[in-house]
Amino acid sequence: MEKENLFGKSLSEIKVITDNYNLPGFTAKQIASWMYQKNVSSIDEMTNLSKKARESLSNDFFLKKDNHTKCESSSDGTKKYLFPIKDKFVEAAYIPEEDRSTLCVSSQVGCKMGCLFCLTGKQGYQGNLSSGEILNQIYSLPEKENLTNIVYMGMGEPMDNIDNVLTSLETLTSEYGQAWSPKRITVSTIGIIPSMEKFLTQSKCHLAISLHNPFHEERLKIMPIENVYPINDIITLLKNHDFGRQRRVSFEYIMFKGFNDSQNHIKGLTQLLNGLRCRVNLIRFHSIPGTPLEGSDEKTIQEFKTALNNKGITTTIRASRGQDISAACGMLSTKSLLKNQEKNY
């Protein structure tokens, strides 16, 4: 039988393993603590396990985290890391700011959603990341100790890999793991309703919806998922869920010139989001190959923000970070990074 990597397994999964070896009930927590709190790199380092237990575990399991193979640094301090996933790669973007440091992690290699404005989707879908491969982007980060926030907004659609995403969130927020507050983590989605329902009931992390247009026919032109899970159905689900006062839902809205930046779109957003406690994040579009979309000009973006705020919808403009290393929203794609890497060798 091929050995399995212990890293990435939840406490309940580890408990099944320790039960199979007839190890004491507390052993699972010990193993989890070694991996997720003490960040050891081998089973042999788990010194409060008996030698026999370590040998038995090592027969069927190993403990492995993979360091990044490449790092690109932006003039604004953003860093983009390339992590190996078997014979493929994913990217994670580290974004330091004055009062916080955020890591944008990937959940899939490529993406199958085909959004017109996203470079990752043009790479094609190549597979889900395991919970360990998601966590590896965090635990192998050189700046790990500086992190204050994590966003699942990198390569892939998190709700298309919901089980592994939920396992990774459990590890980050549980006492046996990093014990992070769920308020420090935001998971993004284009709106896969069954997975959203699972996420809302099994996690307390923040939710961000990739909206980009309030009108069904127009959203469908840039986001094929609209044909399966219309934005109106997504909003209905959110309005029927009790988010409480501590949990936040936000909407990502990339500004496209002449497509979603008119007074009519302001009116549509106001009607769509009426009655929902939320925030809208406006995002500047950075051109990518193979799309006819253009970004709205700065004046239009500022006026759009002001109009929505005047309508009672809390709206901010997200600062563009890492554009010069293709680390901004929708620009992650290992194909282009690997081409650059090949040129450097």
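For the numbers below, each heavy atom of this structure counts, side chains included, while hydrogens, waters and symmetry mates do not. One is the number of the first residue; the rest follow in order along the sequence.
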Subject >> Lys65 to Phe7, cation-pi by 6.0 Å centre distance and 45° axis angle >> reply: yes
Original post:
Between Lys15 and Asp19, does at least one N-O distance fall below 4.0 Å, as a salt bridge requires?
Top reply: yes
Original post:
Is there side-chain contact between Leu57 and Ile17, with at least one heavy-atom pair below 4.5 Å?
Top reply: yes
**OP:** Kindly say whether Lys198 contributes a backbone atom to a donor-acceptor pair with the side chain of Thr201 at under 3.5 angstrom?
**Re:** yes
**OP:** Using a cut-off of 6.0 Å, state whether more than 12 heavy atoms not belonging to Glu175 lie near its atom CD.
**Re:** no
Original post:
How about Thr316 and Asn309: do any of their side-chain heavy atoms sit closer than 4.5 Å?
Top reply: no
**OP:** Hey, could you give me the CG/CG distance between Leu308 and Leu269, rounded to the nearest 0.5 Å?
**Re:** 5.5 Å
Original post:
Parallel under 30°, tilted from 30 to 60°, perpendicular over 60°: which one fits the rings of Phe259 and Phe256?
Top reply: perpendicular
**OP:** Would you check if there is a donor-acceptor pair between the side chains of Tyr94 and Gln137 at a distance under 3.5 Å?
**Re:** no
Original post:
For the side chain of Thr315 and the backbone of Ile313, is there at least one donor-acceptor N/O pair under 3.5 Å apart?
Top reply: yes
**OP:** Kindly say whether Lys64 contributes a backbone atom to a donor-acceptor pair with the side chain of Asn5 at under 3.5 angstrom?
**Re:** yes
Subject >> OG-CG distance between Ser203 and Leu169, expressed to the nearest 0.5 angstrom >> reply: 5.0 Å
**OP:** Please check if Leu237 and Ile162 belong to a single hydrophobic cluster, counting links between Ile, Leu, Val, Met, Phe, Trp and Tyr side chain heavy atoms closer than 4.5 Å.
**Re:** yes
Subject >> Side-chain donor-acceptor contact under 3.5 Å, Asp60 with Tyr21 >> reply: yes
Subject >> Closest non-hydrogen atom pair between Gly191 and Ile234, with its separation >> reply: CA-CD1, 3.6 Å
Original post:
Side chains of Trp180 and Leu147: closer than 4.5 Å at any heavy-atom pair?
Top reply: yes
**OP:** Let me see the working for Cys115 and Ile190 under side chain to side chain contact (heavy atoms under 4.5 Å, CB included), right down to the final yes or no.
**Re:** CA-CA 9 Å; Cys115 297; Ile190 60 175; 4.3 Å; yes
**OP:** Salt-bridge test for Lys38 and Glu45: reply yes if a basic N is under 4.0 Å from a carboxylate O, no otherwise.
**Re:** no
**OP:** Look at the side chain of Thr300 and the backbone N and O of Ser296, then say whether any donor-acceptor pair between them is shorter than 3.5 Å.
**Re:** no
Subject >> Aromatic ring proximity, centroids under 6.0 angstrom, His212 and Phe251 >> reply: no
Original post:
Any donor and acceptor pair, going by atom type alone, linking the side chain of Arg277 with main-chain N or O of Gly244 inside 3.5 Å?
Top reply: yes
Original post:
Which is it for Asn161 and Gln108 under the side-chain hydrogen bond (donor to acceptor under 3.5 Å, both in side chains) test, yes or no, and what are the steps along the way?
Top reply: CA-CA 7 Å; Asn161 186 18; Gln108 295 179 313; 6.0 Å; no
Original post:
Which atoms form the tightest heavy-atom contact between Leu23 and Ala53, and what is the distance?
Top reply: CD2-CB, 3.6 Å
**OP:** Verify side chain to side chain contact (heavy atoms under 4.5 Å, CB included) between Met153 and Thr102, making sure each step is shown before the conclusion.
**Re:** CA-CA 11 Å; Met153 297 181 182; Thr102 302; over 6 Å; no
**OP:** Verify the neighbour count for atom NZ of Lys267: are there more than 12 heavy atoms of other residues, nucleotides or ligands below 6.0 Å?
**Re:** no
Original post:
In terms of side-chain heavy atoms, does Ser74 have a donor or acceptor partner in Asp76 at a distance below 3.5 Å?
Top reply: yes
Original post:
How about Thr189 and Tyr152: does a side-chain donor come under 3.5 Å of a side-chain acceptor?
Top reply: no
Original post:
Any side-chain donor-acceptor pair under 3.5 Å between Gln37 and Ser33?
Top reply: yes
**OP:** Return the orientation label for the Tyr176 and Tyr36 ring planes: parallel under 30°, perpendicular over 60°, tilted otherwise.
**Re:** tilted
Subject >> Backbone of Lys299 reached by a side-chain donor or acceptor of Gln302 within 3.5 Å >> reply: no
Subject >> Test item: side-chain donor near acceptor, Asn39 and Trp34, under 3.5 Å >> reply: no
**OP:** Kindly compute the distance separating CD (Gln30) from CD1 (Ile14), expressed to the nearest 0.5 Å.
**Re:** 11.5 Å
Subject >> Backbone N/O of Arg248 and side chain of His206: donor-acceptor pair under 3.5 Å >> reply: yes
Original post:
Do you know which two heavy atoms are closest between Gly154 and Cys104, and how far apart they sit?
Top reply: N-SG, 3.3 Å
Original post:
Regarding Glu218 and His265, is there a side-chain donor-to-acceptor distance under 3.5 Å anywhere?
Top reply: yes
**OP:** Identify the heavy atoms of Gly8 and Glu13 that sit nearest to each other, and give their distance.
**Re:** O-OE1, 4.3 Å
Original post:
Is there a side-chain contact between Leu103 and Ile138, using heavy atoms and a 4.5 Å cut-off?
Top reply: yes
Original post:
If only atom types and distance count, is the side chain of Ser168 paired as donor or acceptor with the main-chain N or O of Ser131 below 3.5 Å?
Top reply: no
Subject >> Where Gly156 and Thr120 come nearest, the two heavy atoms and their spacing >> reply: N-CG2, 3.8 Å
Subject >> Electrostatic pair Glu226-Lys221, nearest N-O below 4.0 angstrom >> reply: no
Original post:
For Met159, does its backbone N or O pair with a side-chain atom of Glu157 as donor and acceptor, under 3.5 Å?
Top reply: yes
Original post:
Is there side-chain contact between Thr171 and Met35, with heavy atoms separated by less than 4.5 Å?
Top reply: no
Original post:
Would Ile254 end up clustered with Phe215 when hydrophobic side chains under 4.5 Å apart are linked, directly or stepwise?
Top reply: no
**OP:** State yes or no: do Met113 and Leu220 share one hydrophobic cluster built from I, L, V, M, F, W and Y residues joined by side-chain heavy-atom distances below 4.5 Å, directly or via other members?
**Re:** no
Subject >> Minimal non-hydrogen separation, Cys205 against Thr173, with atom names >> reply: SG-CG2, 4.4 Å
**OP:** May I have the step-by-step check of side chain to side chain contact (heavy atoms under 4.5 Å, CB included) for Met196 and Ile209, ending in yes or no?
**Re:** CA-CA 10 Å; Met196 285 175 59; Ile209 308 294; 3.8 Å; yes
**OP:** With rounding to the nearest 0.5 Å, note down the distance linking CG in Asn164 to CD1 in Ile134.
**Re:** 5.5 Å
**OP:** Begin from the C-alpha positions of His241 and Leu238 and carry the test side chain to side chain contact (heavy atoms under 4.5 Å, CB included) through to its verdict.
**Re:** CA-CA 5 Å; His241 183 79; Leu238 297 176; 5.8 Å; no
Original post:
Does the side chain of Lys9 come within less than 4.5 Å of Glu4's, by heavy atoms?
Top reply: yes
Original post:
Tell me, do Tyr81 and Ser140 make a side-chain contact under 4.5 Å, heavy atoms counted?
Top reply: no
**OP:** Flag the pair Asp160 and Lys112 as a salt bridge only when some basic side-chain nitrogen lies within less than 4.0 angstrom of an acidic carboxylate oxygen.
**Re:** yes
Original post:
Is there a chain of hydrophobic side chains (I, L, V, M, F, W, Y, each step under 4.5 Å between heavy atoms) that links Leu11 to Leu135?
Top reply: yes
**OP:** State which residue, out of Glu252, Glu298, Glu294, fulfils the salt bridge (Lys or Arg N to Asp or Glu O under 4.0 Å) condition with Arg284.
**Re:** Glu298
Subject >> Among Val280, Asn281, Leu272, side-chain contact (heavy atoms from CB on, under 4.5 Å) partner for Leu211 >> reply: Leu272
**OP:** Is it possible for you to check whether Lys144 lies under 6.0 Å from the centre of the six-membered ring of Tyr139, through NZ or CZ, and within 45° of that ring's axis?
**Re:** yes
Subject >> Atom pair CZ/OG of Arg279 and Ser250 - distance to nearest 0.5 Å >> reply: 8.0 Å
Subject >> Main-chain N/O of Gly114 paired with Lys122 side-chain donor or acceptor, under 3.5 Å >> reply: no
Original post:
Same hydrophobic cluster for Ile222 and Val228, using side-chain heavy-atom links shorter than 4.5 Å among ILVMFWY?
Top reply: yes
